[in-house]
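To find a chain, count down the sequence lines: A is the first, B the second, and so on, and within it residues start at 1.
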Number of protein chains: 2
Amino acid sequence: MALGKDYATQECSIARALEIVGERWTLLVIRDALYGVRRYNDFLVHLGIPRAVLAARLQALTAEGILEKRRYQQSPPRDEYVPTERGIALWPTLRSLGRWGREQFDQEQVRVFRHAACGTELGSYGECPACGTIVPVPDVVMEPGPGADPDPADPVSRALLRPKRLLTPLEPDPV
Amino acid sequence: MALGKDYATQECSIARALEIVGERWTLLVIRDALYGVRRYNDFLVHLGIPRAVLAARLQALTAEGILEKRRYQQSPPRDEYVPTERGIALWPTLRSLGRWGREQFDQEQVRVFRHAACGTELGSYGECPACGTIVPVPDVVMEPGPGADPDPADPVSRALLRPKRLLTPLEPDPV
DNA sequence: CGACGTGGGTTCAATGAACGAACTGACCGT
DNA sequence: ACGGTCAGTTCGTTCATTGAACCCACGTCG
């Protein structure tokens, strides 16, 4: 979508946004990145995305300044992908999209998001109803809700079952 | 995406939502519907979407209960597509996506949204900063911003230049 | 030393979706 | 009878996605 045909006639910021994050898988990659997934292989197993598509998306997102590619060890060379400010700014969009999906189609909540400072569950737009403020993304705690699978197959899903702050990297499975 | 391959491994309401509105063009069709576009031909000229794709999207959105197909004249039989509650519930998502696109990539505002009651421009999540409430979608007025093309080619874009409430149908060009 | 494993990719053939142009069909006005 | 509008469907071509296979640099185990 970003390549080749685009939403040519649209002079609209929604269309512009969709040219960048509207392709298949892209928003799910960003969601995972906000949840703390950082490595190629973790995205791969958690999303079930084809390798070639993942490589293309990570490259495109890096080029757009939504993720940043960072070398975290020299030998063997290993990179991780972390959300930039621009990527973090998508949190309210993802939050409201997820909320729409759950309210309209799912019953059970798979993940619950709370304000770390006071434990209150976030409202529709990422605000804290108790404090009356928009909660900065690093101050959001994610924990499994009643609809979560208690024993998922892949290690990334298992790591995401432990309550953690958004953006903090995944801890490996301590079995 | 809705048909065939889906985001199988994801037990996540964001993934569920994207299975429904994540296909190319879908969110733009819903955006136009919220702006007051209702007829096949108006979507066609305003979006520049291939006819076959538009027909498929309208059918899918109707099947998902996001748009409702309504006969508005008997002879010749003509239908219009209007957003349901479920479709209207996507407004905060579209609003925050558009805001992200403009803040991160565009400078100029193409469209401005105000609270009809007080004229205040809406905040990021569709709330009225003056009144402190979430503005119901029918009470939002849309008008062209500084970045809007003052003399667009297609009649639908021209009709959208006149300030109007969301959801109200397009008035034809009075030239 | 050589075999195997791991992380992070690239290549390739087959399939599916999107594109645009042409066609259909019901109706209206002249 | 003729042309025009609206709302599609059909169809051949192009483009994107998929899944499987392959690659390579390194680290580790025996």
Quiz item: Does A:Arg57 count as lying over the ring of A:Tyr81, i.e. NZ or CZ under 6.0 Å from the six-ring centre, within 45 degrees of the axis?
Solution: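 Output no; distance or angle outside limits.
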Exercise. Starting from the 5' end of DNA chain D, give me the residue, A:Pro76 or A:Ile49, whose nearest nucleotide shows up first.
Key: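 Nearer the 5' end of the strand: A:Ile49.
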Quiz item: Would you say the side chains of A:Tyr72 and A:Arg39 form a donor-acceptor pair under 3.5 Å?
Solution: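 Present: a donor and an acceptor within the cut-off.
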Practice problem: Establish, from distance only, whether the side-chain atoms of A:Gln104 and B:Arg86 form a donor-acceptor pair under 3.5 Å. | Solution: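 A:Gln104 vs B:Arg86: donor-acceptor pair found between side chains.
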Starting at atom [atom1] of [X], determine the distance to atom [atom2] of [N], rounded to an integer number of angstrom.
| X | N | atom1 | atom2 | answer |
| --- | --- | --- | --- | --- |
| A:Trp25 | D:dT18 | CH2 | P | 6 Å |
| B:Leu54 | C:dA17 | CG | C1' | 16 Å |
| B:Leu44 | D:dT9 | CG | P | 13 Å |

Quiz prompt | Per-nucleotide protein contact string for nucleotides 2-8 of chain D, where B marks a base within reach and S marks sugar-phosphate only (heavy atoms under 4.0 Å, - for neither) | solution = ----BBB
Practice problem: Determine, step by step, whether B:Leu27 and A:Ile14 satisfy the side-chain contact (heavy atoms from CB on, under 4.5 Å) criterion, reporting the C-alpha distance in whole Å, the side-chain angles of both residues, the deciding distance to 0.1 Å, and the verdict. | Solution: CA-CA 9 Å; B:Leu27 279 174; A:Ile14 297 177; 5.5 Å; no
Quiz item: Contact class for A:Val53 (heavy atom, under 4.0 Å): base, sugar-phosphate, or nothing?
Solution: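 The answer is base, as A:Val53 lies within the cut-off (heavy atoms under 4.0 Å) of a base atom.
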Quiz item: For the residue pair B:Trp91 and B:Phe113, does the interplanar ring angle fall in the parallel (under 30°), tilted (30 to 60°) or perpendicular (over 60°) class?
Solution: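 Aromatic pair B:Trp91/B:Phe113 classed perpendicular.
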Quiz item: Can you check whether A:Arg57 has a side-chain N or O nearer than 4.0 Å to OP1 or OP2 of D:dT17?
Solution: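 A:Arg57 to D:dT17 OP1/OP2: side-chain N or O found under 4.0 Å.
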Exercise. Compare the minimum distances between each of C:dT11, C:dC28, D:dT17 and the side chain of A:Ala52, then state the nucleotide with the smallest one.
Key: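 For the A:Ala52 side chain, the nearest candidate turns out to be C:dT11.
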